[in-house]
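Scroll down for the structure; my scribbles are underneath it.
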There are 2 protein chains.
Amino acid sequence: MHGDALREFEEASRHDLTHTIGAVSRALTAAIFERLAERGYGSVHQAHVAVFSALDPDGTRVSTLAARAGISRQAMSALVRALVAAGYVTTETDPADQRATIVRLDRRGAEFCRAAVVASAEANAEIERALGAEQTGRLRDILRILAE
Amino acid sequence: MHGDALREFEEASRHDLTHTIGAVSRALTAAIFERLAERGYGSVHQAHVAVFSALDPDGTRVSTLAARAGISRQAMSALVRALVAAGYVTTETDPADQRATIVRLDRRGAEFCRAAVVASAEANAEIERALGAEQTGRLRDILRILAE
DNA sequence: ACAACTTAGGCAACGCGATTGACTATTAAC
DNA sequence: GTTAATAGTCAATCGCGTTGCCTAAGTTGT
């Protein structure tokens, strides 16, 4: 019947670079979040990390965060609310514009950022241990090229 | 204040291999699905691809598909229903077990699989063009190691 | 000055894709 | 043959995003 197509499909996906990179990427990401969860940051998910990535050191408006993260203001508003409740960030009405809310990193948020930096360094070290320094350098070069 | 933590965080994420691999992976995946969409398979999403990946050439039960894809039977059932409606697969009660439903690839599903094989090959060729044969080989080696 | 427009954020309704729990029908086991 | 396990579905729910509409606040033009 149509079974041959499935065999070709399976064979192709085994050699597909996109597929393989995706699998590796998911595994590495999961490992990092697992490590962060072990250190008490289990409630921080990927969407929340996007908030920290979009946050300026001196605070940022919700609308700006939303635009940078590529999501709606409502979605960002919900993320911020959750982070405020957990003590990661604080919010304050912009004194220069009463409509706007400025989001700022709080103490726990700073702790999380440092923990994330540590987790990232550990993950990179583990990769380098597995690949060796030379191959890790090559990987960095390759990724730079693939990022186009 | 706590702004320094954000600066370190941003700096670290720029050199984080997991982060970089994730970005590359998302871009490559999006490119493949875009290409498939151009060829008329825009309604097939990643979750549906998991169905084809789990499907045996001679048909597979819904429960088995769900277990392989790592989702609930209900979720797989919904995916299969959508694929049946779009003509990609057919379903039939297992003559050997009246409780079970066997899912089989249909003509349009086979066409999709072939299109996916082509898209995969094109994507790989594009990567090889960007990296060169030697570096592509290294990338494959590296990914094999990282897949642990 | 003040009417008219724009902007920031919140509320409500909804969509999508997944989950769990309870149910029916069928098969297997003792 | 009664009892237990299995395949699949229905219903309710949840998480996370969306759009549409609303109010409050700031900006602009005449």
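Order of the sequence lines fixes the chain letters, A, B, ..., with proteins taken first and strands second; residue numbering starts at 1 for each chain.
Applying side chain to side chain contact (heavy atoms under 4.5 Å, CB included) to B/Arg68 and the options B/Leu55, B/Asp56, B/Val51 leaves one that passes, B/Asp56.
Between A/Phe112 and B/Phe9, the ring planes are tilted. Angles from 30° to 60° get that label.
The salt bridge (charged side-chain N to carboxylate O under 4.0 Å, His left out) test applied to B/Arg73 returns no partner, not counting sequence neighbours. Annotation: salt bridge (charged side-chain N to carboxylate O under 4.0 Å, His left out) contacts of B/Arg107 (sequence neighbours excluded): none.
Checked for salt-bridge contact, B/Arg7 and B/Asp4 meet the test: a charged N lies under 4.0 Å from a carboxylate O.
Rounded to the nearest 0.5 Å, atoms CD1 (A/Ile21) and CD1 (B/Ile127) are 5.5 Å apart. A distance of 7.5 Å separates CZ of A/Arg138 from CD of B/Glu134, quoted to the nearest 0.5 Å. The distance from atom NE2 of A/His45 to atom CG of A/Leu79, rounded to the nearest 0.5 Å, is 11.5 Å.
Residue A/Ser77 has a polar side-chain atom (N or O) positioned under 4.0 Å from OP1 or OP2 of C/dG10.
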(request) Between protein and nucleotides 17-28 of chain C, map the contacts as a letter string: B base, S sugar-phosphate only, - none, heavy atoms under 4.0 Å, written 5' to 3'. (result) -SBBB---BBS-
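If you check residues 81-90 of chain B against DNA chain D, you find no residue with a heavy atom closer than 4.0 Å. Shown for residues 32-42 of chain A: no residue has heavy atoms falling under 4.0 angstrom of DNA chain D.
The minimum heavy-atom distance linking A/Ala5 with B/Arg114 is given by the pair CB-NH2, 4.0 Å.
Applying the 4.5 Å side-chain rule to ILVMFWY residues, one finds that B/Ile102 remains a lone member of its cluster.
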